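Chain identifiers are assigned alphabetically (A, B, ...) following the order of the sequence lines, protein sequences preceding nucleic acid strands; residue numbering begins at 1 within each chain. Please read these numbers as outputs of a predicted model, since none were measured by experiment.
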Amino acid sequence: MRTWLATGILVAWAVMAVAGAWLPLAPDAIDLTRILAPPGSGSPLGYDDLGRPLLDRLVSGARYSLLVAVMVVSISLLLGTFIGAMSAYVGGWLDHLTVRVIDIFLAFPGILLAIALAGLMGPGIDNVIIALSIVGWVGFARLARAQVLALREREHVQAAVALGTRRLRIVSRHLLPLISAPLIVEATFAIAGIVIAEAGLSFLGLGIQPPTPSWGSMIREGTRYMLVSPHMVLVPGLALMLVVLAVNMMGDRLRDRLDVRRERAGVRG
Amino acid sequence: MSEILLSVRGLSTHFLTQGGVVRAVDDVSFDIRRGETFALLGESGCGKSMTSLSIMRLVPEPAGRIVAGEIHLDGQNLMDLPEAGMRRIRGNRIAMIFQEPMTSLNPVLTIGEQIAETVRQHRRLDGAAARGVVLDLLDAVGIPDPRQRYGEYPHQLSGGMKQRVMIAIALAGEPDLLIADEPTTALDVTIQAQVLALLGDLQKQTGMAVLLITHDLGVVAGMADSVAVMYAGQIIERAGKEAFFRDPRHPYSRKLFDSLPDVGKRGHQLAVIHGAVPSLAREFKGCRFAERCDEAWDLCHEQAPRWYDQEGGRQVRCHLLDPTLAARRPASHAAPRDGTGQAQPCREHGQAPLLEVENIKVHFPIRKGLLKRTVGHVYAVDGVNLSIARGRTVALVGESGCGKTTIGKAILQLIRPSAGSVRFEGDELTRLRGEALRRRRSDFQIIFQDPFSSMNPRMMIDEIIQEGMVALGIEKDAAARRSRVEELLDHVGLPREARHRYPHEFSGGQRQRICIARTLAVRPKLIVCDEPTSALDISVQAQILNLLKQLQNELGLSYLFITHNLSVVGYLADEVAVMYLGRVVEYGTVQEVLEQPRHPYTQALLSAIPVIDQTTRREVIRLEGDLPSPSSPPSGCHFHTRCPHAMPVCSQRYPQSTALSDTHRAHCFLYGDEE
């Protein structure tokens, strides 16, 4: 049941994001007669302060939240895993350096750093992705490093060294496949975080620029009219909440499934 | 009071798993008399631990359940007791000690507190009175300085000391029956001898009975009064100890004795029990051992044998003991298929050594503080010389923590030695770096102790065996590599279909064969075998030892065999090096070291091994105390703190090597000091 609901929400999110480009949407069409019109009057979700239909804006906005989330998580996952795994496997001064860099990044509130970066580079979707990735890889690197440190002394890795296997191949064949499960779980939870971070940046005006709709900027525009027409905040807010909830539920589920301890059930002799 | 303390009748414990019902214990019956030691002997997975947990009614629920049977303690059926009543039995009447003393104690409570808890519970004592009892108990289990130890935490104690604490906790309730589940398996032989002697003494003083669960025939020989052999969830033979060791009757019991390696079987193949213990998830129709038995005939596969009573109260579950049935047995089965014959020719190679290790040292720095300053060193290996000739086997023997595994890794340059030289065919390996070292690696390989972690669980057998060939470019052509994998699987006695399966589908012994195939794939000249059989059952151990010996004869391999098991050494090795705390204390041929050990440590080590042969009784040289820490080894001769022959000079200077014969050397002042 839990999985079911979560899958439904995520599929709806993905369909909205992908199909949005082909649907006859008019997110930027201004109809001054319908300014702040509540849901049900003309458009199922009502209109915003400039008379633009909220449903159309919500569907178009989904594309950017999905795009940013997937891009940022992929980049951080690849970059973080590579840096973390290499640092732990090679060790020595490289590892010391990486640990210090990771510590510095973690000591700094992530979203503040992203805000600073986005502010520096100027608004825009590509800059949002870069800013969030620069903050995002740290978590993956730390996880990958810890996992590799635990695996490095395992005997099959030692045997591979003794067989003359090259370093890169040991990392790619003996280490990465075995640390993938926790990384995938971490990645799912990261998606939820990135969706919120993107909304946050857009809310502050540092993300997607008007008139392009994004859930975060929609919430920002709505705050000014919260008392007279709460639907402007509620519609994107609820959408955001449902997606984050669904992603987290999937992450929990995935963690249970990939946990090897559940598979082992032995009889002591 | 009756003679029988505990009587188990028709006990069956089942487990519900995804693969169906596992009959871990299936219709098991036995009696334990007051004050006796009853040994339950069996290989891993035969249900012996489950039997003991069933007696305590501690079977992990809900997966496991006692489905049938009665357990009478002094005439009272434990199965009828409510859980609250059972709690009064546990600890008070029946106490238990486990294999792993490291995990059986609570790390955040002092050991005195943990023993006092049991004392308060079972003897209804408080405060000073309880403390007094705890101090007495600590004293009784031979822990020196009880007042000091009372306030210490488990991590401050060694393994042997922790097991003594476990025994003290078990004794706190003054039980009638002590269940000891593999009590010494995790301990070194010299410590094992201490703990077994302690158990024997305590039993004499308190008159309690002991149910000893073990896989070690030697421990049974030293401790037990009567023996029950368990196989695949059932007891198949019950006998008094003397009768059992003089003349085991069940074919399985006989095979267990035959498959034990020892010096007397040198040059012969060990008898093996084919295959592995059957899965308990299936229904058995005939005798459970029939598939692996050399003497089985049709009847054995169809009808389960009943108990046959023999003289002296012994009972055996085998059709062979029924004269009318055995007479009808087809003649073709009369002779065993697999004898202990087949003498292997003994080869003597007198060439230049393949490997020469000179004064090798491995010191690990201990770093502390913010700046990671080196505050000391762990002297894991501290000046060892070794040489191995082509086609020969050198055994490296010692207790855990003596640095034997580190030497193996240092020779292979998996750990870089801190000093000294490792010459392989004249080339200095310690100077090779990077690519040059990588190219050289095909010549020397390693087999690890744990066949479970030594293979990547995500790789197929095919890829595992090919790994070295690919990495070192030994067979460039994919088809040639594939046929070589099949050839190697044939060689180590596995079916070719194994290629397309994953490691978790194989048993421990089969995995060890795969590991051997993987090392052979790169055509090595030297293989370091790091305890390759210590994780395996006795019957499987014999299979692997035979394979290693056969491969040596065919391919002329040299082995550095690292082990703590001296009977394996006697069977397989040509020369032996005995290690103590990072140094070799004695070196010589197998005959010299095992038959005329000269160093006091070697003598103690040899005497501590439990003997199976009931006719020879040896005096055990009991070593006091534990292995000192390799980070602060004692001055002079490392062994002087535990040596029965220690002299003043021993603590001042490290004795130089003394030649006792052309091949026999020892580091001990008892035999002079040549420098």
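Here the side chain of A:W22 pairs no donor or acceptor atom with the backbone of A:A19 at under 3.5 angstrom. Without hydrogens or angle criteria, B:Q512 side chain to B:P532 main chain gives a donor-acceptor distance under 3.5 Å.
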Is there a salt bridge (Lys or Arg N to Asp or Glu O under 4.0 Å) between B:K48 and B:E43? Walk through the geometry before answering.
CA-CA 8 Å; B:K48 51 191 198 302; B:E43 296 180 284; over 6 Å; no
Report the C-alpha separation of A:S65 and A:E198 in whole Å, then their side-chain angles, then the decisive distance to 0.1 Å, and conclude whether the side chain to side chain donor-acceptor pair (under 3.5 Å) test is met.
CA-CA 7 Å; A:S65 64; A:E198 182 270 327; 5.2 Å; no
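Per-residue counts of heavy-atom pairs under 4.5 Å with chain A were compared for B:R441, B:H215, B:E463; the largest is that of B:R441. By number of non-hydrogen pairs under 4.5 angstrom with chain A, the leading residue of B:L437, B:T519, B:L472, B:D530 is B:L472.
In the model, A:H156 has no side-chain atom that pairs as donor or acceptor with a side-chain atom of B:E467 under 3.5 Å.
When all heavy atoms of B:Y502 and B:M459 are compared, the closest pair comes out as CD2-O, 3.5 Å.
With a 4.5 angstrom heavy-atom cutoff, A:R169 touches chain B only via side-chain atoms. Contacts of B:S453 with chain A are made by both backbone and side-chain atoms, with heavy-atom separations under 4.5 Å.
In this structure the side chain of B:P457 reaches within 4.5 angstrom of the side chain of A:L178, judged on heavy atoms.
The pair B:R440-B:E435 does not meet the salt-bridge criterion, since no charged nitrogen lies less than 4.0 angstrom from a carboxylate oxygen.
Using non-hydrogen atoms only and a strict 4.5 Å limit, the part of residues 141-155 of chain A facing chain B consists of A:R154, A:E155.
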